[in-house]
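In what follows, a single structure is set out as structure tokens and then discussed.
Worth saying up front: this structure is predicted, and the values here are computed from it rather than measured. A, B, ... follow the sequence lines: proteins, then strands. Residue 1 opens every chain.
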Protein chains: 2
Amino acid sequence: MTKPRASVTIRDVARRAGVSVATVSRYINKTGPVSKAVGERLDAVMEELHYVPHAAARKLATHKTFTIGLLLSDIGGDFFAPLLRGIEDVLASHGYDLLIASTRKPRRWHGKSLPVGPHNTDGILGFADSLDEDHLRRLMAQHFPLVLIHRTPPPDLPIPCVTIENKAAAHAMTSHLIEQHRRRRIVFLQGPPGEEDSHWREIGYRRALADHGIPFDPGLVMRGDFDRDVAFATIEAALRQGIAFDAVFAGDDESAEGVLAALHVHGIAVPEEIAVVGFDDQRMSPYLTPPLTTVRAPTEMVGRHAAQRLIELIRDGTTELMTLLPTQLVIRRSCGCPDRGGDDS
Amino acid sequence: MTKPRASVTIRDVARRAGVSVATVSRYINKTGPVSKAVGERLDAVMEELHYVPHAAARKLATHKTFTIGLLLSDIGGDFFAPLLRGIEDVLASHGYDLLIASTRKPRRWHGKSLPVGPHNTDGILGFADSLDEDHLRRLMAQHFPLVLIHRTPPPDLPIPCVTIENKAAAHAMTSHLIEQHRRRRIVFLQGPPGEEDSHWREIGYRRALADHGIPFDPGLVMRGDFDRDVAFATIEAALRQGIAFDAVFAGDDESAEGVLAALHVHGIAVPEEIAVVGFDDQRMSPYLTPPLTTVRAPTEMVGRHAAQRLIELIRDGTTELMTLLPTQLVIRRSCGCPDRGGDDS
DNA sequence: CCTGAGGATGTAACCGGTTACATTGTACCC
DNA sequence: GGGTACAATGTAACCGGTTACATCCTCAGG
């Protein structure tokens, strides 16, 4: 019923083939010479017995797990699928397994010990704020391979990270609104407090204002939390207070959706009265009304690069510290540009 | 540089605390009596040494990995994020780790041996067609815990599975088109060949036709492959051939998107001339033009139930064989129903 | 005072691989 | 013919935990 405990071990294979376990191990791992005849016999025996080496035993003996851990602060969202696909694809092609740990609540592990680490993986990928600074310092102290995704490390910690070009894109987007569409009072909707992408996007926004001689008005920077409903409420409040603005640069597409909804219920025309742009280019963005002008984030590439960096770090002990992937403006209609027909999707 | 091999073992802890390894192990696992005084000393020492038990060693000794494997035929898409979230959440709450193996190409492992199995996990979750029938038989023969997701096992294999109510929903959706919107020539767009969800949806569709006395026309069943572009091409071809139809039941929302696009470029009014409905209720579906009437699939719940079933199977050696989760019609505009304003999102 | 029960702890075998080292055999070269 | 090099293989220790079993101690009951 429960456990026939029939698991086949390397000794069973060795006995059946009339050789020693060392020979079997060497043959499997190509780690020493084995005669052709014995090799063939082993192939046959292993096939016959359905032998599969026990991962834990191997890990214990070699101190290599060939597993990497991925820490996510929140699984779900459009973000996650392409990121994972990129990571998984690269890892698989190098023979690594992927162990995932996630949480609904951001910062679940802050202060606690991590579910992945030296005891069960060869290295870890940490997304955004999934790890706190203590974790980073401890892991570095142990020389444990670690790569951050969408997050830069504290200045004194040389931890490789992979993230996207936020500032330049935000600058370009803001400049587009100013130059092409003559907007001057542009609201910026921030992400959650401390969110790094949002931080850089805001910097780019401010820089663009400065570069065009538009004074920065702190009253135009509002909370969006990368959340549809928060953004909706924020814009409603702004309208009610009579704050004047002619464009909204939402921190991400999620909040842009809320902005569009709020303007819609108030009967304000987009883009004629108020232009709206976002960031990320999510799946639904082309279908919003009007189609959302935004910035495409190469999320799958982020995953691929992060995995690549980590593997190099494990193998060579070193890799590039900073990988910044390019982003790209996606002009649709919500900024005021004309319909360009069969756009991408 | 490379490996300071400074890993702290249970013997280090034992020595430092002046007790034997057995005592330490017993204390950690609460598997035998340990005096209060020693317990406190051990707590202190473990904290001081940052001791974390080595997972592989424990697994080897206990023959329990506390890890489950998830096999995906293709990661990515709106589908996976909620599914994974559900799985991860339940597993984590029971102390299980999640090992993921995926592929871009469907059926990558068909005929080959699997990346997860008895050698590295306590049980596996298999999504749709990720495993072939040989895999299923072999795993069953070894009594290895296995739960299928969005797939039912061959009739002679008692493998638990978790899937959604496709037939009843498809029946209800088709009936809605017939009864509420007087449609009689309804195209059904199939998923990829062999896709099980699609199969049941088609059964529901046919049953509804029969129940309303509408003769089944095989010429109205076409390929959609759950793919936007395939669906687009199929509808274009149908229009060009002059096939008469007044509604399209797309096998999923992805293909419904293609249908809408094709009808749009041909200047056909939806829903006035042709009604369109889908299945899944993806993120973008409310934003299509017109907003898509579809069926909501409780994907996160599927993940939760599957994980729950597997854990029961591992713990108790048995669980329910079939879990069928309810789906729900989501009426929007593409079927011809009037706008109901602030719909869900 | 002796005995038995049970609490607290230690000793050592074991899980299933890997690998350093030893051993044997054969071919090759001088 | 003797020595060397190297291919092919075996022996046994080791990785870091768990756990069956043995030991020792204390305390209650007769």
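With hydrogens and angles disregarded, a donor-acceptor distance shorter than 3.5 Å links the side chain of Asn120(A) to the backbone of Pro115(A). Put simply, the side chain of Arg151(B) gets close to the backbone of Leu131(B): a donor and an acceptor are under 3.5 Å apart.
Between Ser7(A) and His54(A) the shortest side-chain heavy-atom distance does not fall below 4.5 Å.
Qualifying salt bridge (charged side-chain N to carboxylate O under 4.0 Å, His left out) partners for Asp156(B), counting only residues two or more places apart in sequence or in other chains: Arg137(B). Qualifying ring-ring contact (aromatic ring centres under 6.0 Å, His included) partners for Phe226(A), counting only residues two or more places apart in sequence or in other chains: none. Judged as a salt bridge (charged side-chain N to carboxylate O under 4.0 Å, His left out), and not counting sequence neighbours, the contacts of Glu300(A) are Arg85(A), Arg304(A), Arg104(B). Among residues two or more places apart in sequence or in another chain, the salt bridge (charged side-chain N to carboxylate O under 4.0 Å, His left out) test is passed with Lys36(A) by Glu40(A). Under the salt bridge (charged side-chain N to carboxylate O under 4.0 Å, His left out) criterion, Arg15(B) pairs with Asp12(B), not counting sequence neighbours. When the side chain to side chain donor-acceptor pair (under 3.5 Å) test is applied to Thr65(A), the partners found at least two apart in sequence or on another chain are Asp122(A). With sequence neighbours left out, Ser20(B) forms a side-chain contact (heavy atoms from CB on, under 4.5 Å) with Ala22(B), Thr23(B).
The stretch residues 83-123 of chain A participates, sequence neighbours left out, in these ring-ring contact (aromatic ring centres under 6.0 Å, His included) pairs: Phe66(A)-Tyr96(A).
Atoms NE2 (His63(B)) and C1' (dG16(C)) sit 8 Å apart, rounded to a whole Å. For the pair Lys30(B) NZ and dT18(D) P, the interatomic distance rounds to 12 Å; values are reported in whole Å. Rounding to whole angstrom units, CG of residue Leu42(A) and P of dG17(C) are separated by 13 Å. In this structure, the CZ atom of Arg15(B) is 19 Å from the P atom of dT9(C), given to the nearest Å. Regarding Arg41(B), its CZ atom lies at a distance of 13 Å from the C1' atom of dA8(C), rounded to whole Å. What separates CG of Leu60(B) from P of dG16(D) is a distance of 12 Å, to the nearest Å. Following rounding to the nearest Å, Ile28(A) (CD1) and dT19(C) (P) show an atom-to-atom distance of 12 Å. Rounded to an integer number of Å, the gap from NZ of Lys59(B) to P of dT19(D) is 16 Å.
Between Ser25(A) and dT18(C) there is a side-chain polar atom (N or O) within less than 4.0 angstrom of OP1 or OP2. The side chain of His119(B) contributes no N or O atom lying less than 4.0 Å from OP1 or OP2 of dG17(C). For dG16(D), one of the phosphate oxygens OP1 or OP2 lies less than 4.0 angstrom from a side-chain nitrogen or oxygen of Ser7(B).
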Taking only N/O atoms, report every protein-nucleotides 8-13 of chain D pair under 3.5 Å with atom names and distance.
| unit_1 | atom_1 | unit_2 | atom_2 | d |
| --- | --- | --- | --- | --- |
| dT9(D) | OP1 | Ser35(A) | OG | 3.1 |
| dT9(D) | OP2 | Ser35(A) | N | 2.8 |
| dT9(D) | OP2 | Ser35(A) | OG | 3.4 |
| dG10(D) | OP2 | Ser20(A) | N | 2.6 |
| dG10(D) | OP2 | Ser20(A) | OG | 3.0 |
| dG10(D) | OP2 | Thr23(A) | OG1 | 2.9 |
| dG10(D) | N7 | Arg26(A) | NH2 | 3.0 |
| dG10(D) | O6 | Arg26(A) | NH1 | 3.0 |

Return the polar atom pairs (N/O with N/O) between nucleotides 22-26 of chain D and the protein under 3.5 Å, or none.
none

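Comparing dC15(D), dT18(D), dG16(C) by their nearest atom to the side chain of Thr9(A) picks out dG16(C).
Taking a 4.0 Å limit (strictly below) on heavy-atom distances, residues 47-54 of chain B reaches DNA chain D at Tyr51(B), Pro53(B), His54(B).
Rounded to 10 degrees, the angle between the two end axes of the helix from dC1(C)-dG30(D) to dC30(C)-dG1(D) is 50°, with five pairs used at each end.
Phe79(B) and His150(B) have perpendicular rings, their planes meeting at more than 60° on a 0 to 90° scale where under 30° would count as parallel.
Considering every non-hydrogen atom in both Ile159(B) and Leu146(B), the closest pair reads CG2-O, 3.6 Å. The shortest non-hydrogen separation linking Leu60(B) to Ala57(A) is CD1-CB, 3.7 Å.
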